[in-house]
*Asks:* 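Sharing a structure with you now.
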Amino acid sequence: MEEKKEKGEEAPNFPAFPYKPYAIQIDFMNALYHSLSKGGLSMLESPTGTGKTLSIICSALQWVVDRRQQQKTEDRIESDRNGAKEGQVDSDDEPDWMRNAVINKYKQGEEMKTKKKEKFGVGFRRVDKRRNHENCRDLFSRSVEEEPCTKKEGNNLQMSNDAVELSDEDFLVEDYESEEEGNLGGGKSKRKVAGVSLSSSSEEDEEDGSGDDEYEEDEKLQVYFCSRTHSQLSQFIKELKKTVFANEMKVVCLGSRRNFCINEDVLKLGNSTRINERCLELQRNKNKEVSKIKNVGAGGRIRRNKASCGCPMLRKHKLQKEFRSMMSQQGALDIEDLVHLGKSMRTCPYYGSRSMVAVADLVVLPYQSLLSKASRESLGLNLKNNIVIIDEAHNLADSLISMYDSRITMSQLEDVHSHIEKYFERFCNVLGPGNRRYIQTLMVLTRAFRQVFLKDDRSCGDSCRDTEKASGASGTSTSSVAINDFLFTLNVDNINLVKLLQYIKESNIMHKVSGYGDKVASFQKNVALNGGEDGSTLSSFRALTNLLLSLTNKDGDGRIIISRTSTTCSREEGRYIKYVMLTGDKIFSEIVDQAHSVVLAGGTLQPIEETRERLFPWLPPDQLQFFSCSHIVPPESILPVAVSRGPSGHTFDFSYSSRRSSIMIQELGQLLCNLVTVVPEGIVVFFSSFDYEGQVYDAWEASGILERIKKKKRLFREPRKNTYVESVLKEYKETIDTLSSGEQKENHSQSGAMLLAVVGGKISEGINLSDGMGRCIVMVGLPYASPSDIELMERVKYIEGLGDSDSTKTPNLSLGNELCSGEVHAGFNVLRSCRRRGKEYYENLCMKAVNQSIGRAIRHINDYAAILLVDTRYASDSSKRNFYHPTSKLPQWIKDRFIASTDYGEVHRMLHQFFKHNKKRWLQQ
């Protein structure tokens, strides 16, 4: 339903658009502008390659400019009206005390608005302090991204290489007193300093700068733009720089520590979790001297430690101020620009950019930073009455709920349990009753969780074993269970997890135990104890904490997955307990309720009903503002064809049961051998998985098909590691440019390149394959997710139950409430048991992936490409299929030009004519 202009409303102007906009771009900008004026939730769909990003920038920021101008006009009129009223009465008649009171109140308000807190050389905007009655998740809203400040004693949680040996007393947890069970904020951690009992929570406020003197935030209309990847954010900044807004608006780009960090010693750690922890650890070490000064002021003793100087990139407060000044002067900067600036100034770009959030007009950030409540609070993002634009929102529901999953491995559990036992053994006699009780509770839980991995242990539960027998898979190693059943089976349902989580947070027990463990390890001349799969004891503790936090959710909001596999094919530990979040509507409602307007944008958002049911079922369909437009390219610039048969006449069927047959693989190879003779420049072939691509590649290499392809096209493969993708794409593009220009010196018969890619890989998401890089896109089969994926089947079962009167429980399908993996047939049974929603969700996942992949081509109005959907199911009669016909879920601009062909000879003739016509038209431009 396209937004209609109200009677008498003037059409908005978009002078910042750098070119003459096309009609569909004007329509898109108008739709977005009116959606922002109305407020609420809207979905805007525009195919990739239609200038969607530029349209979003020019419309949203123009609305901000117009809104501010309107507000100024209204304020001036109101001021004039008040002035006229005051003029009617002699100002001398107003009492001095009243006049002075108004002036003083105004001055105080202005001072509060401009007051800034500086910490570690970085100014942060504070969020409201959480109250005792808030839910349990808020207790841990600052996890990995938390501000690097804890209690004074917590500064000793890790020892840097230059630290002097600490005594055991430094690791002794403070006395903990817990009040009545009903009071979430009832726990108090206290210590004695020079005979005076001090509450550590107040000291934390003092060090964190979050005491009573918090400044009042200036209410400023802000736009938050988020997308899935850092490369997409960089592309957004690139488009922004084409407009006047790049210099007129204050813009800040946020990202992860891994992308921003310029400390080489920290970057060497590689793992994102380790980088985050090392960054926070360096700053905690930096705080030691501050704590010692305060101890002196309180009459305490100074511990003669050699304090670490913290991160060298945050030592000089002056450099951080200069960094912010340079950011303001240089206008819009992407992550790469900010990193370069930070390196040149020798100061941290991560915290430098974060400190600009409070004054920014436009904040550009990744999904995680905005959608996760923990990250929002850590970064100080204020969504209230502001604009939120979420791009690439086609898989928003799955992306959102995955942020609230939690997982702990067997080795991490062993690591935590071992550390707690050693700690308890050492300090048992000096711990207070509160600490003893909670530490023993932690040991009970870790011991219980470890039991689920024992193969013949009855704690798995009768239901899991019955399921394994029912599926005929006695060796099945993965099972699913509800939260309450999981806790009841392990006999830990009587533990108050809310109080335990509060204790973990307030007592700083994680840091104490891990710090003591590191000390013990250093005495044993080991670098560290086991440390779990991430190599960090603190990571193991956080994994446990996150799992405990997940177990406080409602029983129907998620499921517990228990895997007992020793190792996986990727050499990761296969024994783990994982909480899978299934519902996202409550999480998303927090964003919608705060913001003035939330806009979901993307190239392929339909079907919108599934998104509505999963994210905002409370919103009536007639209140959802939806806009969709066609593509800008003319019909003759695109050739979408369903290829049912290969050159040898064999029918293409890449379904799960037949895709690995040698006949199918060789027929696909014959198809590509023919394509390289008729398609100029670049061909991109998408496979369903890296494993299948590898199997096909090996078969072609053995049969000689690869050699035939390489005679015409140079061959590239998408690497599994994302870090190598950019270099492969660069070489792929350079090869096409060189061979197309006739500058090749070695193989004169080659006319371009072929890239083997994977659906769901980096190349299929957000990579621009314009012009010669994507003259032909080949989609091999229908990339359905594996039915053996237990997490996917749990989501299917949950979605199938949406809209039912009792949707709080996962529907009882063919396998009951427990599902064990390893059997593809079990997953198919679940799908067959679905009536509509679950089956359609499974189908939508596949076709959204197809649409994203084929949308990499056709990036501007003069571009052209052929799209080959290689599988008979794309061309088959929908009445003969169990699921919905896949082509019905293709974008409208492709469906309008779609051709279903059963004869490859016809396909070859169409391709020849298509490229001959477009090459001639291209040369005439």
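Because the structure is predicted, anything quoted here is derived from the model rather than measured.
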*Asks:* Assess whether side chain to side chain contact (heavy atoms under 4.5 Å, CB included) is satisfied between Val513 and Lys422, documenting all intermediate values.
*Replies:* CA-CA 9 Å; Val513 173; Lys422 286 185 172 67; over 6 Å; no
*Asks:* Heavy-atom count around Asn429 CG within 6.0 Å, excluding the residue itself: above 12?
*Replies:* no
*Asks:* Please report the closest heavy-atom contact between Met793 and Gly827, naming both atoms and the distance.
*Replies:* SD-O, 3.6 Å
*Asks:* Assess the side chains of Glu277 and Ser539: does a donor N or O sit below 3.5 Å from an acceptor N or O?
*Replies:* yes
*Asks:* For Asn484, is there any backbone N or O sitting under 3.5 Å from a side-chain donor or acceptor partner on Asp555?
*Replies:* yes
*Asks:* Report yes or no: does Arg447 contribute a side-chain atom to a donor-acceptor pair with the main-chain N or O of His417 at less than 3.5 Å?
*Replies:* no
*Asks:* Determine whether Lys578 and Ile560 make a side-chain contact, defined as any pair of heavy atoms from C-beta on separated by less than 4.5 Å.
*Replies:* no
*Asks:* Is a donor on one side and an acceptor on the other found under 3.5 Å between the side chain of Thr446 and the backbone of Leu442?
*Replies:* yes
*Asks:* Within the structure provided, determine whether Arg436 and Phe424 are in side-chain contact (heavy-atom separation under 4.5 Å).
*Replies:* yes
*Asks:* How about Asn259 and Ser256: does a side-chain donor come under 3.5 Å of a side-chain acceptor?
*Replies:* yes
*Asks:* Please determine which of His511, Glu506, Lys512, Lys505 meets the side chain to side chain donor-acceptor pair (under 3.5 Å) test together with Asn508.
*Replies:* His511
*Asks:* Return yes if some donor-acceptor pair links the side-chain N/O of Thr545 with the main-chain N/O of Phe541 below 3.5 Å, else return no.
*Replies:* yes
*Asks:* Under a 3.5 Å cutoff, is there a donor and acceptor pairing between the side chains of Thr537 and Ser514?
*Replies:* no
*Asks:* Grab the two heavy atoms, one from Gly558 and one from Ile483, that are nearest each other, plus how far apart they are.
*Replies:* O-CG1, 4.4 Å
*Asks:* Quick check: does any side chain N or O of Asn435 sit under 3.5 Å from a backbone N or O of Leu431, one acting as donor and the other as acceptor?
*Replies:* no
*Asks:* Does one side chain, of Asp415 or Ser540, offer a donor that lies under 3.5 Å from an acceptor on the other?
*Replies:* yes
*Asks:* Mark yes or no for whether Glu794, through its side chain, and Ile790, through its backbone, hold a donor-acceptor pair below 3.5 Å.
*Replies:* no
*Asks:* Are the aromatic ring centres of Phe486 and Tyr579 under 6.0 angstrom apart?
*Replies:* no
*Asks:* Evaluate Leu500 against Leu548 for side chain to side chain contact (heavy atoms under 4.5 Å, CB included), listing each step before the verdict.
*Replies:* CA-CA 9 Å; Leu500 179 61; Leu548 295 178; 4.1 Å; yes
*Asks:* Could you tell me if the side chain of Ile408 sits less than 4.5 Å from the side chain of Tyr576, heavy atoms only?
*Replies:* no
*Asks:* Ignoring hydrogens and angles, tell me if any N or O in the side chain of Ser589 forms a donor-acceptor pair with the backbone of Lys586 under 3.5 Å.
*Replies:* yes
*Asks:* Out of curiosity, Leu413 CG to Gln451 CD, how far, rounded to the nearest 0.5 Å?
*Replies:* 11.0 Å
*Asks:* Kindly compute the distance separating CG (Leu497) from CG (Leu487), expressed to the nearest 0.5 Å.
*Replies:* 6.5 Å
*Asks:* Report yes or no: is the cationic atom of Arg564 (NZ for Lys, CZ for Arg) closer than 6.0 Å to the six-membered ring centre of Phe453, at no more than 45° off its axis?
*Replies:* no
*Asks:* Of all heavy-atom pairs between Tyr404 and Leu371, which one has the smallest distance, and what is that distance?
*Replies:* OH-O, 3.5 Å
*Asks:* Would you confirm whether Gln412, through its side chain, and Thr409, through its main-chain N or O, come within 3.5 Å as a donor-acceptor pair?
*Replies:* yes
*Asks:* Taking the side chain as everything from C-beta on, heavy atoms only, tell me whether Ile591 gets closer than 4.5 Å to Arg376.
*Replies:* yes
*Asks:* Between Lys797 and Glu800, does the salt bridge (charged side-chain N to carboxylate O under 4.0 Å, His left out) criterion hold? Intermediate values first, please.
*Replies:* CA-CA 5 Å; Lys797 291 164 63 179; Glu800 175 66 18; over 6 Å; no
*Asks:* Tell me the closest heavy-atom pair linking Ser369 and Leu379, and the distance in Å.
*Replies:* CB-CD1, 3.6 Å
*Asks:* Quick check for you: to the nearest 0.5 Å, what is the distance between Lys373 atom NZ and Glu590 atom CD?
*Replies:* 4.5 Å
*Asks:* Is a side-chain donor or acceptor of Arg278 paired with a backbone partner of Val266 at a separation under 3.5 angstrom?
*Replies:* no
*Asks:* Could you please spell out the steps behind the salt bridge (charged side-chain N to carboxylate O under 4.0 Å, His left out) verdict for Arg274 and Glu281?
*Replies:* CA-CA 10 Å; Arg274 293 187 183 183; Glu281 176 192 345; over 6 Å; no
*Asks:* Which pair of non-hydrogen atoms, one from Cys311 and one from Asn263, has the smallest distance, and what is that distance?
*Replies:* SG-ND2, 3.5 Å
*Asks:* Give a yes or no answer on whether the side chain of Asp518 reaches the backbone of Gly515 with a donor-acceptor pair at less than 3.5 Å.
*Replies:* no
*Asks:* Could you measure the distance from the CD1 atom of Ile799 to the CG atom of Leu582? Nearest 0.5 Å is fine.
*Replies:* 8.5 Å
*Asks:* So Val498 and Leu501, do their side chains get closer than 4.5 Å, heavy atoms only?
*Replies:* no
*Asks:* What class does the angle between the rings of Tyr503 and Tyr438 fall in, given that below 30° is parallel, 30 to 60° is tilted and above 60° is perpendicular?
*Replies:* parallel
*Asks:* Does any part of the side chain of Tyr351, heavy atoms only, come nearer than 4.5 Å to the side chain of Arg257, both counted from C-beta?
*Replies:* yes
*Asks:* Could you walk me through whether His419 and Tyr516 satisfy the side chain to side chain contact (heavy atoms under 4.5 Å, CB included) test, starting with their C-alpha distance in whole Å, then the side-chain angles of each, then the deciding distance to 0.1 Å, before giving a yes or no?
*Replies:* CA-CA 8 Å; His419 275 75; Tyr516 177 72; over 6 Å; no
*Asks:* How long is the gap from CD1 on Ile401 to CE on Met403, to the nearest 0.5 Å?
*Replies:* 10.5 Å
*Asks:* CG of Leu400 to OG of Ser372: how many Å apart, nearest 0.5 Å?
*Replies:* 9.0 Å
*Asks:* Does the side chain of Arg795 come within less than 4.5 Å of Leu792's, by heavy atoms?
*Replies:* yes
*Asks:* May I have the step-by-step check of side chain to side chain contact (heavy atoms under 4.5 Å, CB included) for Ile577 and Ile561, ending in yes or no?
*Replies:* CA-CA 6 Å; Ile577 301 172; Ile561 308 295; over 6 Å; no
*Asks:* Quick one, Leu396 and Phe588 - any side-chain contact, counting heavy atoms below 4.5 Å?
*Replies:* yes
*Asks:* Mind listing the closest non-hydrogen atom pair of Asp485 and Val481 along with its distance?
*Replies:* CB-CG2, 3.5 Å
